[in-house]
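This report refers to the structure that appears directly beneath it.
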Amino acid sequence: MISKVKFTRREFIGLAGASLGLLGVRALLSGGTRQETEETPLPPNAREAMYYAGLSGDLRCEVCHGNALPSKVLYCHISHAKRYVKCLLCPRGCVISEGHRGDCRVRENRGGKLYTMVFGNPCAMAIDPIEKKPFYHFLPASAAFSIATAGCNLHCLYCQNYDISQVPPEQTENYDLPPEKVVAAALGYGCPVIAYTYSEPTVFYEYTLATARLARKAGIRNVVVSAGYMNPDPLRELCGAVDAIKIDFKGFSDDFYKNVCSATLQPVLDGMKLIRDSGIHLEIVTLVVPGMNDSEENLRDMARWIIDNLGPDVPTHFSRFFPRYKLTNLPATPAATVERARAIALEEGIHYAYTGNLPGSPGDHTYCARCGKILIQRLGFQVMENNIVDGKCRYCGQPIPGVWQ
């Protein structure tokens, strides 16, 4: 005889609601939607990921989603009956159940192994002036062979490339371009630099690392354009393979990072100090958003942190915001606000501060920190004049930090 289980009306309604939310809770657990099953063959571009760990034993619910509600605990246990992994690439630390992907949409758990689904299949490819990244102290007027894949581990409300950064690779048009083809293309087009850019190189880490190492053997430099939301060990390994990193320093506020970018500030601060200590070239860019990260106090605090932790010689750019993606309710940043941000940085002691998205602005040029003369005159992304000779000011001999040849 089968015994009957009795529920109160409240318990029945709660269980019914929890059942309807099963798929949503599982998506929360994994950080992404279900993409494949273990039986589905891996696509040819898939590679086992670096920096992850398998998890075993009892998993505390707060590891995934904080202090879980009872209904979520129930379905945690169902999901944990399968194999799951913890991604160690970025501070999110996604706990990913089998057949699911992390928050970045490109790293998938197959049979207890984590795979990157974007190795050698970029969705964006172009040749850009190095100044567009922007790098102002790295091989001026050079052409950079630029690539990106789908995915990102941030979700900035103003993302200008959201059509590739906020989707999985199945939703982008991709190219078959493994590392050796990237290097061959850069050589063929006469590009002395390969740039990993547009979306977020953190999520195509293995592809970036393999390509950069091949490129270095071929005499090609490598630059990374990143938000810097990466754990120390993978970032340290990346620094050993590339020549320069530009960090999008979103703002000097943890609230801004959380509310606008779905991230946190401290890992980015720690990452910039790690890059500085590695000895490779570092530049910083902050998009100045009206009413959100543009207060004088915020900008001064940021400049002082840069001086105290990175030194006065780190090239620091302030760019103009334009309404985009999910942040279209704000006006474009007034030119005067960006110019004021640069002025504050100079007042606080940063030697090389620049304005961005303001073609023709005096803040586009590089000036000697000693004699004040224009060393590199720019018009947009075009270099009109370069007075840096052997890494020094042509006029007074002051060494200018950067990579010039």
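Heads up: numbering here begins at 1 and tracks the sequence. All values below were derived from every heavy atom in this structure, side-chain atoms included, with hydrogens, water molecules and symmetry-related copies excluded.
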Just checking Tyr158 against Tyr325, ring centres under 6.0 Å apart?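 No, they do not, as the ring centres are separated by 6.0 Å or more.
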
Using a strict cut-off of less than 4.0 Å between a Lys/Arg side-chain nitrogen and an Asp/Glu carboxylate oxygen, indicate whether [X] and [Y] qualify as a salt bridge.
X: Glu206; Y: Arg213; value: no
X: Arg236; Y: Asp233; value: yes
X: Lys217; Y: Glu180; value: no
X: Glu48; Y: Arg107; value: no
X: Arg110; Y: Glu98; value: no

When the ring planes of Phe138 and Phe135 are compared, do they come out parallel, tilted or perpendicular, using 30° and 60° as the limits?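 The rings of Phe138 and Phe135 sit tilted, inter-plane angle from 30° to 60°.
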
Taking the inter-plane angle between the rings of Trp404 and His137 on a 0 to 90° scale, is it parallel (under 30°), tilted (30 to 60°) or perpendicular (over 60°)?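 Trp404 and His137: tilted rings.
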
Apply salt bridge (charged side-chain N to carboxylate O under 4.0 Å, His left out) to Arg105 and Asp103, showing your working. CA-CA 5 Å; Arg105 302 176 175 86; Asp103 181 80; 5.9 Å; no

For the student: nearest non-hydrogen atoms of [X] and [Y], plus distance:
X: Glu339; Y: Ser361; result: OE2-OG, 4.2 Å
X: Ile376; Y: Pro140; result: CD1-CG, 3.8 Å
X: Val288; Y: Ala341; result: CG2-CB, 4.4 Å
X: Ser165; Y: Cys159; result: OG-SG, 3.2 Å
X: Pro399; Y: Tyr352; result: O-OH, 4.3 Å
X: Ala215; Y: Asn222; result: CB-OD1, 3.5 Å

Donor-acceptor pair between [X] and [Y] side chains, under 3.5 angstrom:
X: Glu108; Y: His100; result: no
X: Ser146; Y: Lys132; result: no
X: Thr202; Y: Glu200; result: yes
X: Thr172; Y: Asn174; result: yes
X: Asp313; Y: His351; result: yes
X: Thr264; Y: Tyr229; result: yes

Give a yes or no on this: more than 12 heavy atoms of other residues, nucleotides or ligands lie within 6.0 Å of atom [atom1] of [X].
X: Asp390; atom1: CG; answer: no
X: Glu297; atom1: CD; answer: no
X: Glu173; atom1: CD; answer: no

Qualifying salt bridge (charged side-chain N to carboxylate O under 4.0 Å, His left out) pairs, either residue in residues 269-290, two or more places apart: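 Sorted result for residues 269-290: empty, none.
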
Which of these, Asp294, Thr333, Leu287, sits in a side chain to side chain contact (heavy atoms under 4.5 Å, CB included) with Val338?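 Exactly one option meets the side chain to side chain contact (heavy atoms under 4.5 Å, CB included) with Val338, and it is Thr333.
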
Look up atom CD1 in Ile388 and atom CD1 in Ile400, then write down how far apart they are to the nearest 0.5 Å.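 Reported value, rounded in 0.5 Å steps: 5.5 Å.
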
Starting at CG of Asp364, measure out to OH of Tyr354 and round the result to the nearest 0.5 Å.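 Between atom CG of Asp364 and atom OH of Tyr354 there are 9.5 Å.
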
Answer yes or no for Arg378 and Tyr136: cation-pi contact, defined as NZ/CZ to six-membered ring centre under 6.0 Å and angle to ring axis within 45°.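 Yes; both conditions hold, so Arg378 lies above the ring face of Tyr136.
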
On the six-membered ring of Tyr395, is Lys373 placed so that its NZ or CZ lies under 6.0 angstrom from the centre and within 45° of the ring axis?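 So Lys373 does make the cation-pi contact.
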
Could you tell me whether a side-chain N or O of [X] sits under 3.5 Å from a main-chain N or O of [Y], the two making a donor and an acceptor?
X: Lys86; Y: Gly93; answer: yes
X: Asn293; Y: Lys250; answer: yes
X: Asn45; Y: Met117; answer: yes
X: Asn109; Y: Gly99; answer: no

Would you please test Tyr198 and Asp128 for side chain to side chain contact (heavy atoms under 4.5 Å, CB included) and show each step? CA-CA 11 Å; Tyr198 301 141; Asp128 294 325; 2.4 Å; yes

By side chain to side chain donor-acceptor pair (under 3.5 Å), which residues pair with Asn161, not counting sequence neighbours?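 For Asn161, no residue satisfies side chain to side chain donor-acceptor pair (under 3.5 Å) once neighbours in sequence are set aside.
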
List the residues meeting side chain to side chain donor-acceptor pair (under 3.5 Å) with Glu385, not counting sequence neighbours, and say none if there are none.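 Side chain to side chain donor-acceptor pair (under 3.5 Å) list for Glu385, sorted by chain: Asn387.
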
Between Lys258 and Asp254, does a salt bridge (charged side-chain N to carboxylate O under 4.0 Å, His left out) hold up when you go through it step by step? CA-CA 6 Å; Lys258 289 177 180 177; Asp254 203 49; 3.1 Å; yes

Decide yes or no on side chain to side chain contact (heavy atoms under 4.5 Å, CB included) for Ser253 and Leu265, but give the supporting numbers first. CA-CA 7 Å; Ser253 160; Leu265 172 61; 5.8 Å; no

Under the side chain to side chain contact (heavy atoms under 4.5 Å, CB included) criterion, do Thr286 and Ser319 qualify, and how do the steps go? CA-CA 6 Å; Thr286 295; Ser319 293; over 6 Å; no

Worked verdict on Tyr205 versus Leu89 for side chain to side chain contact (heavy atoms under 4.5 Å, CB included): CA-CA 9 Å; Tyr205 179 87; Leu89 182 60; 3.8 Å; yes

